[in-house]
Amino acid sequence: MMNIYGIKRVDLEEYFLSINEKKFKATQVFEWVYQKKVSSFEDMSNIKKELQDKLKEDFNFEMISIKRKQEDGLTKKYLFELKDGNYVEAVLMQHDYGLSICVSSEVGCNMGCAFCESGRLKKVRDLESYEMVEQILLVEEDIKKRISSVVIMGIGEPLDNYDKVMNFIKIINDPKGIQIGARHITLSTCGIVPKIKQLMNEELQINLAISLHAPNTQLRSKLMPINKAYDWKQLIEVVKEYIEVTNRRVTIEYIMLKDVNDNEIQATELAALLRGMNVYVNLIPYNETNHIEFKRADKNTVMKFYDTLKKKGINVTIRKEFGGNIDAACGQLRSKEVWDENILFNWFWKGKRP
Ligand code: SAH
């Protein structure tokens, strides 16, 4: 039995062919599911009764559920309960160009980045494609609006759940599905080199973001254990290759950590590294978490870092923060509900640590 929200249209076509039906039925089902939003085969009036019965045997419409919502200004955070009792989160952000959602790709995360809260809970399991699709469907239903872009930057490392994440991307990108344009989908990775190689051959027009966070390998190894498996140099090489093969500009994410990676020399080092590459750097104000050894870099320091990169000809932006001091999501999401509501609320939204 498969979840209907976890199947690509081409795979559904295969299915119909395998039961001696016409493959255009897959498009009809997609239209019912994603455009008319029905959640039973009985409602699909252009599909005959016997076929509906067969479909019922092979597919279900099981949904994850919204356990809690928290709203602050332009940001809304959703806690989802999965069928097996696990939890993941997604964050909805309102931009001037539309709505974007940050979705989770795994329950927990094994990457163990030193500064990130999401990695405190080791990976429990991969998310299924349908569980990622449903994060979007449930939020769209909740707000009664269409979401125009998706970032895979919530809990988990998407390239550590490669097949299911690719499947998810193709489902939401389908013009008969949720219709999120590939250029409106961003996948963020800590740098699993072989998977980046694989990704460059998918012929997807999605955006790739690399969590670099350090201008040299020594510092990166201290912050991100993945750097010991695939070091900084290999990562930069594969990013160059990715740009060449896909002809797409890549985003370099750089969290600004006070007195760790935020000084002028490091900015110069980063600029030298990236010179000539078709990338843009996104400086991310650090959201303080329970990792008390890390502090947010000062505004002035961030501005200086920004100016240095800019002067050296690097495209750079500072990540917009949502709702004053709450940039809600990045690195603060957790996949286990361990705090009571008030503590959670203060912690996530007011930046106060329990
Ligand atoms: N595993 C993926 C996606 C999840 S993290 C990745 O590593 O890219 C999404 C982004 O948030 C990454 O760039 C991550 O490094 C960053 N991040 C993690 N903790 C953060 C924090 N406390 N404040 C700001 N950004 C953080």
Side-chain angles (χ1 to χ4, degrees), residues 75 77 88-91 93 100-123 126-127 132 135 150-162 164-165 168-169 185-193 195-196 199 206-214 219-220 222-227 229-230 232 235 239 250-258 260-262 279-297 302 317-322 325-335 347-349 351 353:
T75 311
K77 190 145 70 78
V88 291
E89 286 164 294
V91 179
M93 289 160 284
S100 78
I101 186 171
C102 171
V103 297
S104 294
S105 58
E106 298 179 324
V107 179
C109 181
N110 278 339
M111 299 300 126
C113 298
F115 45 79
C116 180
E117 199 57 31
S118 308
R120 288 207 176 215
L121 176 70
K122 286 282 152 246
K123 176 154 115 175
D126 293 331
L127 282 191
M132 295 178 250
Q135 292 173 50
V150 173
V151 297
I152 311 169
M153 285 193 195
I155 298 161
E157 165 49 49
L159 296 187
D160 185 39
N161 181 13
Y162 189 89
K164 289 169 183 168
V165 167
F168 158 69
I169 291 173
I185 300 172
T186 302
L187 183 151
S188 176
T189 177
C190 65
I192 302 184
V193 168
K195 295 294 176 186
I196 298 174
L199 183 64
I206 61 167
N207 306 307
L208 176 66
I210 303 285
S211 294
L212 189 66
H213 307 324
L219 180 56
R220 194 167 194 267
K222 280 191 206 150
L223 298 175
M224 304 175 70
I226 189 71
N227 199 64
Y230 308 107
W232 179 85
L235 178 58
V239 170
V250 168
T251 304
I252 301 292
E253 294 167 284
Y254 195 99
I255 300 183
M256 298 295 291
L257 300 163
K258 188 179 171 67
V260 174
N261 66 355
D262 63 344
V279 294
Y280 93 88
V281 178
N282 198 197
L283 298 177
I284 307 173
Y286 181 59
N287 292 313
E288 293 182 5
T289 65
N290 275 5
H291 298 267
I292 44 173
E293 64 274 33
F294 295 109
K295 295 269 171 259
R296 168 184 285 236
V302 176
T317 55
I318 299 174
R319 178 170 291 174
K320 181 170 157 48
E321 293 191 76
F322 288 87
N325 68 25
I326 55 142
D327 194 358
C330 304
Q332 295 185 313
L333 298 178
R334 294 180 64 116
S335 47
W347 178 38
F348 281 127
W349 299 98
R353 285 187 291 276

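Counting convention: from 1, in listed order, for ligands and their atoms alike.
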Just by modelled atom types, is the [Y] backbone N or O under 3.5 Å from a matching donor or acceptor in the [X] side chain?
{"X": "Tyr254", "Y": "Asp262", "value": "no"}
{"X": "Ser104", "Y": "Glu89", "value": "yes"}
{"X": "Asp126", "Y": "Asn161", "value": "no"}
{"X": "Glu157", "Y": "Asn110", "value": "no"}

For the student: nearest non-hydrogen atoms of [X] and [Y], plus distance:
{"X": "Asn261", "Y": "Ile255", "value": "ND2-O, 2.7 Å"}
{"X": "Ile152", "Y": "Phe168", "value": "CD1-CE2, 3.9 Å"}
{"X": "Arg319", "Y": "Pro285", "value": "O-CD, 3.9 Å"}
{"X": "Tyr286", "Y": "Phe115", "value": "OH-O, 2.7 Å"}

### Message
Using the salt bridge (charged side-chain N to carboxylate O under 4.0 Å, His left out) criterion, which residues pair with Lys222? Sequence neighbours excluded.
### Response
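Partners of Lys222 under the salt bridge (charged side-chain N to carboxylate O under 4.0 Å, His left out) test: none.
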Distance filter under 4.0 Å to [X] heavy atoms, resulting ligand 1 atoms:
{"X": "Thr189", "answer": "6 (C), 7 (O), 8 (O)"}
{"X": "Cys190", "answer": "6 (C), 7 (O), 8 (O)"}
{"X": "Ile284", "answer": "24 (C), 25 (N)"}
{"X": "Cys116", "answer": "18 (C), 19 (N)"}

Considering distance alone, does some N or O of [X] sit under 3.5 Å from an N or O of ligand 1?
{"X": "Glu117", "value": "no"}
{"X": "Glu253", "value": "yes"}
{"X": "Gly156", "value": "yes"}

Which one holds for [X] and ligand 1: side chain close, backbone close, both close, or neither close, with close meaning a heavy atom under 4.0 Å?
{"X": "Phe115", "value": "both"}
{"X": "His213", "value": "side chain"}
{"X": "Ile155", "value": "neither"}
{"X": "Asn287", "value": "both"}

### Query
Non-hydrogen atoms of Gly154 versus ligand 1: any pair closer than 4.0 Å?
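True for this residue.
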### Query
Is ligand 1 less than 4.0 angstrom away from at least one heavy atom of Ala209?
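Contact absent.
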### Query
Counting heavy atoms only, which of Met153, Met256, Met111, Arg296 comes nearest to atom 5 (S) of ligand 1?
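Looking at heavy atoms only, Met153 sits closest to atom 5 (S) of ligand 1.
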